[in-house]
A.B. asks: 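Here's a structure for you.
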Amino acid sequence: MYTGLVAAPLRWSGWPGGSVHPLFCMKAIVDCNSFYCSCERLFKPKLAQQPVVVLSNNDGCIIARSDEAKALGVGMAAPYFQNKHLIEQHNVAVFSSNYNLYGDMSWRVMETLRQAVGPDKVEVYSVDEAFIDLDDDMSTATLHAFTMNLRQQVEQWTGIKVSIGVAPTKVLSKVANRLAKKNKAITNCVLVLNTERRIQQALEKTAVEDVWGVGHRYAQKLQRMNITTAWQLRQQNLLFARNHLGGVVGERLLRELQGQPVLGMKEELKVKKMIATTRMFGQTVTDLQSIKEAVATYTSRAAEKLRRQHGAAGSISVFVIPKEPPAADGRFRHGPTISNYMVLPVATSVTHELIKPAVQMVEALYEPGRAYKKAGVLLSDIVPDTAVQRSLFDHAMDDRSRKLMDMMDNINFSQRNDVLKYAAGGTTRNWKMQQNFHSPRYTTRWNELFEIG
DNA sequence: TCTGGGGTCCTAGGACCC
DNA sequence: TCTGGGGTCCTAGGACCC
């Protein structure tokens with residue numbers, strides 16, 4: 001029996017024991033299969049049959065695996081060095097992350113979706129995922145045909161294979177998508193959950209930790225309560241969710257699982273409330289000068305992001321993370337984050353007005369003799385830059401600074417990311433990250449265009 | 001030897017005010 | 001002996017996501 005708070009769904013005779021959800025829009029999640037690996041493969045057809053992995057910045061972790069690499073037992077988010085043997089043994093193709101390429105391919109996929117269903121029906125959720133609002137009057141057959149067609153169109157236009165899950169709510173569509181992907185041979189990468197019976201079957205096959213919104217903390221907690229499948233979780237009441245799964249967040253999750261849509265489509269949130277640039281160092285760093293250079297560079301990167309959204313930051317914070325000796329149990333852990341925070345006298349997006357306090361804060365945080373592995377800059381209290389109030393005397397400077405910033409942004413954008421940089425960014429760069437397997441930026445750099453040979 | 005980077009939302013608790 | 005109640009704002013920290 002359907003237990004959501006919405007009106008009881010009508011009977012649709014085409015499916016045994018199935019009631020359909022005709023009263024609300026179905027939602028689809030479109031998810032690119034092994035996105036980063038697929039992007040790398042696009043320009044190297046030879047890799048089609050070969051396992052592929054893509055590494056995080058610094059070539060530290062494995063952040064994307066092709067199906068073949070998964071089958072070999074290469075773990076997600078696993079450290080590269082731990083899998084090196086396996087990778088070499090099976091001739092796995094390895095790439096450092098190439099975000100220029102992925103960003104551009106992502107844009108092409110999203111554009112294809114927008115053209116297919118209308119721009120206001122698409123919510124870009126991440127670089128490789130988008131939610132789509134589907135018309136509510138589609139019959140099951142139409143829904144499935146439409147979705148299959150969409151999948152083919154994306155593949156044809158961009159070369160990227162996607163999986164699509166369709167269901168009455170976002171959480172359920174994620175469940176559908178996961179199963180579609182897991183059973184490609186049967187589903188052809190598309191799964192529609194629009195009857196109670198199908199939803200139940202899907203939830204019974206889904207472990208509680210695979211539900212969108214249940215992280216490992218909550219999963220452990222639920223398992224201790226003998227709730228191991230998504231279906232079992234769905235049987236709980238809202239009070240339970242409120243008490244054990246993070247208050248209103250948990251309640252929303254449970255409602256969605258029960259088929260009641262509470263997570264709406266979000267219009268694109270282009271203005272960020274916080275902008276961060278943080279990096280691991282290529283190797284541990286002990287000297288203050290290097291850390292200052294790194295922080296100055298991260299600050300100018302963050303300032304670029306800030307200007308791109310026409311924002312000005314009201315406050316800035318800086319952190320460093322020292323290298324920790326390994327824990328007694330041998331498990332990896334992060335060192336403590338040592339941070340400093342400053343409210344700026346005037347909200348700004350001018351790079352040197354941000355670098356100056358950032359570097360000052362780093363000097364205060366730094367302890368001689370200590371080794372550091374990571375640093376970062378966070379800009380927050382972001383306001384539109386038109387709203388910034390400056391004193392009378394700032395005006396001349398303001399104008400000049402703005403012109404300088406515009407010029408730098410233009411040159412950096414059209415040339416390379418770091419042609420122009422502040423002297424404070426330094427030139428030694430022994431903190432710079434390692435990228436040993438970088439593929440060309442085929443689609444965004446003229447001199448790295450794909451060559452047909 | 002070697003474990004990413006960039007976000008969001010929510011809550012609790014303290015400070016402060018009337 | 002015994003010290004209100006309700007509101008706002010802020011920050012730190014927890015949880016989650018890809």
Side-chain angles (χ1 to χ4, degrees), chain A residues 29-32 34-36 53-64 75-85 87 96-97 99 102-103 106 123-131 170-171 174 177-178 209-222 241-253 256 262-263 266 269-284 298 301-302 305-306 309 314-315 317 319 321 323-327 330-337 339 341 343 371 373-382 433-436:
Chain A
I29 176 92
V30 180
D31 187 326
C32 302
S34 311
F35 181 54
Y36 294 171
V53 297
V54 175
L55 305 181
S56 63
N57 274 341
N58 239 353
D59 295 340
C61 287
I62 292 157
I63 53 171
M76 181 58 177
Y80 173 56
F81 72 91
Q82 281 178 5
N83 287 270
K84 208 167 177 176
H85 180 67
I87 284 170
S96 302
S97 18
Y99 292 107
Y102 311 150
S106 170
E123 176 196 339
V124 176
Y125 177 70
S126 74
V127 69
D128 67 335
E129 282 176 59
F131 287 103
K170 284 184 166 179
V171 169
K174 290 285 259 184
N177 186 274
R178 185 177 157 278
E209 67 263 31
D210 293 326
V211 174
W212 188 49
V214 177
H216 87 284
R217 271 262 155 57
Y218 290 157
Q220 282 177 350
K221 196 168 169 185
L222 289 168
R242 192 171 263 277
N243 288 338
H244 295 111
L245 299 177
V248 299
V249 179
E251 194 180 320
R252 284 206 286 254
L253 168 64
E256 283 261 320
V262 288
L263 301 176
K266 283 197 202 109
L269 188 66
K270 7 187 167 18
V271 288
K272 305 222 160 83
K273 297 172 180 172
M274 183 193 87
I275 288 172
T277 302
T278 75
R279 298 268 187 290
M280 302 275 301
F281 301 136
Q283 54 213 261
T284 55
Y298 301 164
R301 197 69 75 237
K305 296 185 205 170
L306 182 63
Q309 70 172 47
S315 58
S317 61
F319 70 84
I321 299 184
K323 185 180 160 60
E324 280 282 284
R331 295 229 316 243
F332 171 78
R333 69 194 160 103
H334 286 292
T337 301
S339 67
Y341 168 84
V343 176
K373 63 172 191 180
K374 183 173 181 173
V377 176
L378 278 89
L379 304 179
S380 45
D381 298 329
I382 294 173
M433 67 180 173
Q434 300 184 17
Q435 287 208 309
N436 295 324

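Hydrogens, waters and symmetry mates are skipped; everything else that's a heavy atom, side chains included, is used. Chain identifiers are assigned alphabetically (A, B, ...) following the order of the sequence lines, protein sequences preceding nucleic acid strands; residue numbering begins at 1 within each chain.
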A.B. asks: Within the structure shown, what part of the strands sits under 4.0 Å from A/K221 by heavy-atom distance: base, sugar-phosphate, or nothing?
C.D. replies: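 If one applies the 4.0 Å heavy-atom cut-off, A/K221 turns out to touch nothing in the nucleic acid.
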A.B. asks: Base, sugar-phosphate, or nothing: which does A/V248 touch, judged by heavy atoms less than 4.0 Å apart?
C.D. replies: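 A/V248: backbone/sugar contact only, no base atoms under 4.0 Å.
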A.B. asks: At less than 4.0 Å, is any side-chain N or O atom of A/K374 found next to OP1 or OP2 of B/dT3? Yes or no.
C.D. replies: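 Checking A/K374 against B/dT3: no side-chain N or O falls below 4.0 Å of OP1 or OP2.
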A.B. asks: It should be established whether A/K305 places a side-chain nitrogen or oxygen under 4.0 Å from OP1 or OP2 of nucleotide B/dG6.
C.D. replies: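 Yes, because at least one side-chain N or O of A/K305 sits under 4.0 Å from OP1 or OP2 of B/dG6.
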A.B. asks: Under 3.5 Å, side chain of A/S56 to main-chain N/O of A/C61, donor-acceptor pair present?
C.D. replies: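 Yes: the side chain of A/S56 pairs with the backbone of A/C61.
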A.B. asks: Sub-3.5 Å donor-acceptor pair from the side chain of A/K266 to the main-chain atoms of A/Y125, do we have one?
C.D. replies: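 Flag not set: sc A/K266 to bb A/Y125 has no pair under 3.5 Å.
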A.B. asks: Mind pulling the stems DNA chain B is in, i.e. runs of at least three Watson-Crick or G-U pairs, everything under 3.5 Å?
C.D. replies: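 The stems are B:5-18 with C:5-18.
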A.B. asks: Parallel, tilted or perpendicular for A/F131 and A/W212, by the 30°/60° rule?
C.D. replies: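 A/F131 vs A/W212 ring planes: tilted.
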A.B. asks: Ignoring hydrogens and geometry, is there a side-chain-to-backbone donor-acceptor pair from A/E256 to A/V262 under 3.5 Å?
C.D. replies: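 Answer holds: yes.
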A.B. asks: Over all strands shown, is A/D128 touching base, sugar-phosphate only, or nothing at heavy-atom distances under 4.0 angstrom?
C.D. replies: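 If one applies the 4.0 Å heavy-atom cut-off, A/D128 turns out to touch the sugar-phosphate alone, with no base involved.
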A.B. asks: Between A/S106 and A/D128, is there a donor-acceptor pair closer than 3.5 Å when you use the side chain of the first and the backbone of the second?
C.D. replies: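 Absent.
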A.B. asks: C/dC16, OP1 or OP2 - any side-chain N/O from A/K174 closer than 4.0 Å?
C.D. replies: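 Negative; the distance criterion is not met.
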A.B. asks: If you measure from the P atom in C/dT3 to the same atom in B/dC17, how many Å do you get, rounded?
C.D. replies: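 The same atom, P, in both gives a distance of 23 Å.
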A.B. asks: Return the 5'-most residue of the pair A/G247, A/C61 with respect to DNA chain B, ranking by each residue's nearest nucleotide.
C.D. replies: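 The residue mapped nearer the 5' terminus is A/C61.
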A.B. asks: Heavy atoms under 4.0 Å, any strand shown: does A/V54 hit a base, just sugar-phosphate, or nothing?
C.D. replies: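 No contact.
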A.B. asks: Any side-chain N or O of A/Y341 below 4.0 angstrom from OP1/OP2 of C/dT11?
C.D. replies: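 For C/dT11, OP1/OP2 do have a side-chain N/O of A/Y341 under 4.0 Å.
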A.B. asks: Closer than 4.0 Å, any side-chain N/O of A/T278 to the OP1 or OP2 of B/dG6?
C.D. replies: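 Checking A/T278 against B/dG6: at least one side-chain N or O falls below 4.0 Å of OP1 or OP2.
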A.B. asks: Using heavy atoms to find the nearest nucleotide of DNA chain B for A/G246 and A/G60 separately, return the residue whose nucleotide is more 5′.
C.D. replies: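 So the residue in question is A/G60.
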A.B. asks: Measure OH/A/Y80 against C1'/B/dT1 and give the value in whole Å, please.
C.D. replies: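 Going from OH in A/Y80 over to C1' in B/dT1 covers 14 Å.
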A.B. asks: As a test of reading the structure: which of B/dG6, C/dC18, B/dG5 is closest to the side chain of A/E129, going by heavy atoms?
C.D. replies: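 So the side chain of A/E129 is nearest to C/dC18.
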A.B. asks: According to a strict under-4.0 Å criterion, is A/R252 in side-chain N/O contact with OP1 or OP2 of B/dC9?
C.D. replies: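 Indeed not, no polar side-chain atom of A/R252 lies that close.
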A.B. asks: Given C/dC18, C/dC16, B/dG6, which nucleotide is nearest the side-chain atoms of A/W212?
C.D. replies: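 From the listed options, C/dC18 comes nearest.
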A.B. asks: Please determine whether the number of non-hydrogen atoms from other residues, nucleotides or ligands lying under 6.0 Å from atom NZ of A/K221 exceeds 12.
C.D. replies: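 For A/K221, atom NZ is crowded (more than 12 foreign heavy atoms under 6.0 Å).
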A.B. asks: What contact category does A/N58 fall into here, base, sugar-phosphate, or nothing, at under 4.0 angstrom with non-hydrogen atoms?
C.D. replies: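 It contacts nothing in the nucleic acid.
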A.B. asks: Between A/S97 (side chain) and A/L55 (backbone), is there a donor-acceptor pair under 3.5 Å?
C.D. replies: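 The answer is yes, because a donor-acceptor pair under 3.5 Å joins these two groups.
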